[in-house]
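Data block below; observations after.
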There are 2 protein chains.
Amino acid sequence: MTTSAPGGRERRPGRRGDLLDPLCPTRQLLDRVGTKWTSMTVKVLAEAAPGELRFAELRRRIPGISQKMLSVTLQSLVRDGLVARRVEPTVPPAVHYRLTALGLSLETPLAALRDWAETHMPEIDRNNRLADEPASGQGARPTES
Amino acid sequence: MTTSAPGGRERRPGRRGDLLDPLCPTRQLLDRVGTKWTSMTVKVLAEAAPGELRFAELRRRIPGISQKMLSVTLQSLVRDGLVARRVEPTVPPAVHYRLTALGLSLETPLAALRDWAETHMPEIDRNNRLADEPASGQGARPTES
DNA sequence: CGGGATCCTTCACGATACTG
DNA sequence: CAGTATCGTGAAGGATCCCG
């Protein structure tokens with residue numbers, strides 16, 4: 001690591017580029033949640049809660065994730081206090097991860113967003129396809145209000 | 001534009017790189033919502049709903065956004081059918097934006113996420129500061145469960 | 001007024017290789 | 001097993017200029 005933490009953007013308020021992105025907590029949260037693997041990781045850990053999952057087990061449950069991104073994502077979550085890391089000092093070390101209470105509380109609004117996504121993303125896909133092919137006649141509008 | 005739409009990632013399912021990111025609607029949604037200005041734009045439009053806002057008015061209400069990013073963000077939202085665009089063909093053209101019913105329905109889970117952020121981000125910030133300064137004695141742990 | 005077209009920088013993410 | 005280190009790429013996003 002050169003200057004910043006590996007898993008996040010500017011974690012230091014007061015360094016540089018601070019006035020532009022003031023203090024809006026929503027943006028800070030979306031910077032983490034919007035990260036490609038964060039929400040998936042939280043979801044998988046939430047499904048296993050209150051149990052723990054080991055690194056390899058997490059990898060298996062998150063299809064497509066690389067070991068680097070899993071590592072980076074988990075470090076971010078641990079830094080944020082959303083995930084607790086427990087190392088068993090055995091000969092091949094066994095590391096266990098679980099959601100903290102804070103992490104579990106995030107699962108609720110995240111699940112709401114997931115629910116919305118599964119309900120309405122097909123409609124969004126339809127709208128995008130309509131926008132891509134204006135070749136048809138007319139009168140085919142995306143679902144407006 | 002070379003190949004893809006300006007405001008979005010791969011909008012075409014079935015092109016390439018499809019097997020890795022299968023069909024998970026949550027990721028698709030977070031790819032949009034996680035985009036820097038999308039959630040803020042939706043929020044501002046939701047506050048004005050069912051009224052409309054013009055381009056310059058939106059810029060004023062979203063501090064720090066560039067006109068390019070506002071343009072790109074709005075185009076994405078319009079493509080998705082979350083925002084409706086109405087052009088008044090006057091001499092200096094007046095363009096009005098408003099949330100569609102779909103966009104308004106997204107506001108609900110988004111507000112839940114905002115609420116969580118405002119409640120818990122201070123704690124996350126605290127946890128990050130604790131992780132940055134291990135210089136203190138001991139016993140100061142982030143708020144675990 | 002409401003953008004579009006370009007240029008440029010930064011960063012998220014993937015692939016690969018190495019370690020304790 | 002559970003990472004860390006390094007390299008390279010594509011895409012987000014800011015700044016600037018121009019246009020109808």
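These figures come from a predicted structure and were not determined experimentally.
Interatomic distance, CD of B:E118 versus CG of A:L29, reported as 10.5 Å (0.5 Å rounding). Atom CG of A:D132 is separated from atom CZ of A:R129 by 9.5 Å, given to the nearest 0.5 angstrom. Interatomic distance, B:S71 OG to B:R59 CZ, rounded to the nearest 0.5 Å: 11.0 Å.
Residue B:W37 contributes atom CH2, which lies 10 Å from atom C1' of D:dG13 at whole-angstrom precision. Look at CG on B:L30: it is 17 Å from C1' on D:dA11, rounded to the nearest Å. Regarding A:Q75, its CD atom lies at a distance of 15 Å from the C1' atom of C:dC13, rounded to whole Å. Rounded to whole Å, the distance from CD on A:E88 to C1' on D:dG3 is 17 Å. Spacing between atom CE of A:M40 and atom P of C:dC13 amounts to 13 Å, rounded to whole angstrom units. The distance from atom CZ of A:R32 to atom C1' of C:dA12 is 15 Å, rounded to the nearest whole Å. At whole-Å resolution of the value, CG in B:L74 and C1' in C:dG3 are 11 Å apart. B:L70 places its CG atom 14 Å from the P atom of D:dA15, with the value rounded to the nearest Å.
Within the structure, a side-chain polar atom (N or O) of A:T35 is placed less than 4.0 Å from OP1 or OP2 of C:dC13. Note on A:R27: every side-chain N or O is 4.0 Å or more away from OP1 and OP2 of D:dG13. At the phosphate of C:dG4, OP1 or OP2 sits under 4.0 Å from a side-chain N or O atom of B:S71. Contact between the side-chain N/O atoms of A:Y97 and the OP1/OP2 oxygens of D:dC1 is not found at any separation under 4.0 Å.
Pairs passing the salt bridge (charged side-chain N to carboxylate O under 4.0 Å, His left out) check and including a residue from residues 101-114 of chain A, sequence neighbours excluded, read A:E107-A:R114. Within the structure, every pair that satisfies the ring-ring contact (aromatic ring centres under 6.0 Å, His included) test and touches residues 109-128 of chain A, not counting sequence neighbours, is listed here: A:W116-A:H120.
For the residue pair A:A117 and A:P122, the shortest heavy atom distance occurs at O-CD, 4.2 Å. Contact detail for A:Q67 and A:F55: the closest heavy-atom pair is O-CZ, 3.6 Å.
Counting only distance, with no hydrogens or angles, the side chain of A:R98 and the backbone of A:P50 share no donor-acceptor pair below 3.5 Å. Checked by atom type and distance alone, the side chain of A:T38 pairs as donor or acceptor with a backbone atom of A:R32 at under 3.5 Å. Side chain of A:T100 to backbone of A:A84: no donor-acceptor contact under 3.5 angstrom is found.
Along DNA chain D, the nucleotide nearest A:V95 and the nucleotide nearest A:K68 are compared for position; the residue whose nucleotide lies closer to the 5' end is A:V95.
A salt bridge links A:R86 with A:E88: at least one charged nitrogen is closer than 4.0 Å to a carboxylate oxygen.
Nearest nucleotide to the A:M69 side chain, out of C:dG3, C:dG14, D:dG13: C:dG14.
Judged as a side chain to side chain donor-acceptor pair (under 3.5 Å), and not counting sequence neighbours, the contacts of B:E57 are B:R60, B:R61.
Of the residues in residues 44-60 of chain A, those with a non-hydrogen atom less than 4.0 angstrom from any atom of DNA chain D are A:R54, A:F55, A:A56.
Remark on the helix from C:dC1-D:dG20 to C:dG20-D:dC1: inter-end axis angle 40°, axes from five-pair C1' superpositions, rounded to 10°.
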Write out a two-atom table: protein N or O, nucleotide N or O from nucleotides 17-20 of chain C, distance below 3.5 Å.
| unit_1 | atom_1 | unit_2 | atom_2 | d |
| --- | --- | --- | --- | --- |
| C:dA17 | N6 | A:Q67 | NE2 | 3.0 |

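B:K36 contributes no side-chain N or O that forms a donor-acceptor pair with the base of D:dG13 under 3.5 Å.
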